[in-house]
Amino acid sequence: MKYYDVTFHQANGQSVVKRSIPSELPDFETWQDACAKVTDKELHILINNGTQIVLNRNFIVRIDIDEVADPIDKDIKRHDEIMGVVNALSNMGF
């Protein structure tokens, strides 16, 4: 499974970003996994903090899809890096 950040750009210059979306769809279709519901006229999106947004499809000018690292692997790596710093400081006597 791959993870993506999906950005919906609107005609008024605003954008809506949904982060770390897991998807097994082909690359150009992953934006659909960012939506809770897709209709002919609207996209219903639940943003990460619980905010519900309805976008009119006529006003979406571009959708950017960026592949990102698995958030779990990223957290493990960050934890390992922090433990490395703690061990280095401990070895120095701090």
Side-chain angles (χ1 to χ4, degrees):
M1 180 166 305
K2 295 181 180 179
Y3 290 83
Y4 299 90
D5 285 351
V6 180
T7 306
F8 299 90
H9 297 277
Q10 301 174 67
N12 63 2
Q14 295 180 341
S15 59
V16 175
V17 179
K18 181 101 184 217
R19 300 197 183 278
S20 299
I21 304 302
S23 181
E24 293 181 353
L25 291 174
D27 292 338
F28 288 102
E29 297 177 13
T30 56
W31 64 269
Q32 296 174 24
D33 281 336
C35 301
K37 181 179 177 184
V38 177
T39 67
D40 290 339
K41 295 185 179 189
E42 298 175 329
L43 300 179
H44 297 253
I45 303 170
L46 180 62
I47 301 299
N48 297 342
N49 64 2
T51 304
Q52 298 175 9
I53 296 175
V54 178
L55 298 177
N56 186 322
R57 291 181 80 162
N58 292 328
F59 298 112
I60 297 174
V61 294
R62 187 175 86 218
I63 299 173
D64 294 337
I65 302 167
D66 298 315
E67 187 174 343
V68 296
D70 183 342
I72 295 171
D73 290 344
K74 189 176 179 180
D75 288 343
I76 290 170
K77 183 178 177 185
R78 183 175 298 141
H79 178 73
D80 290 344
E81 289 173 354
I82 291 171
M83 291 308 298
V85 170
V86 168
N87 287 335
L89 291 173
S90 177
N91 291 338
M92 294 169 63
F94 289 108

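Everything quoted here is computed from the prediction, not taken from an experiment. What you see below is based on every heavy atom in this structure, not just the backbone, and it leaves out hydrogens, waters and symmetry mates.
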query = Considering all heavy atoms of both residues, which atom of E67 and which atom of K2 are nearest to each other, and what is their separation?
reply =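 Of all heavy-atom pairs spanning E67 and K2, the closest is OE2-CD, 3.6 Å.
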ask   = Which heavy-atom pair separates A69 from Y3 by the least distance, and what is that distance?
value =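 Heavy atoms of A69 and Y3 come nearest at O-CB, 4.2 Å.
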Nearest-0.5 Å distance that lies between atom [atom1] in [X] and atom [atom2] in [Y]:
X   : Y   : atom1 : atom2 : answer
N58 : Q10 : CG    : CD    : 12.0 Å
E29 : I65 : CD    : CD1   : 9.5 Å
F8  : I45 : CZ    : CD1   : 4.0 Å
D66 : I21 : CG    : CD1   : 12.5 Å
T39 : K41 : OG1   : NZ    : 8.5 Å
L55 : H9  : CG    : NE2   : 12.0 Å

Under 3.5 Å: donor-acceptor pair, side chain of [X], backbone of [Y]:
X   : Y   : result
D5  : S20 : yes
R62 : T7  : no
K18 : C35 : no

Any [X] side-chain heavy atom under 4.5 Å of [Y] side chain:
X   : Y   : value
V16 : I47 : yes
D33 : Y4  : no
R19 : V68 : no
E24 : M1  : yes

key: Linked, directly or transitively: V38 and V6 (ILVMFWY side chains, under 4.5 Å)   =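 Yes, V38 connects to V6 through the hydrophobic network.
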key: Single-linkage hydrophobic cluster F59~I53, side-chain heavy atoms < 4.5 angstrom   =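 They do not share one cluster, since no chain of ILVMFWY contacts under 4.5 Å joins F59 to I53.
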query = Under 6.0 Å from the CD atom of Q52, do we count more than 12 heavy atoms belonging to anything else shown?
reply =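 Incorrect, the count does not exceed 12.
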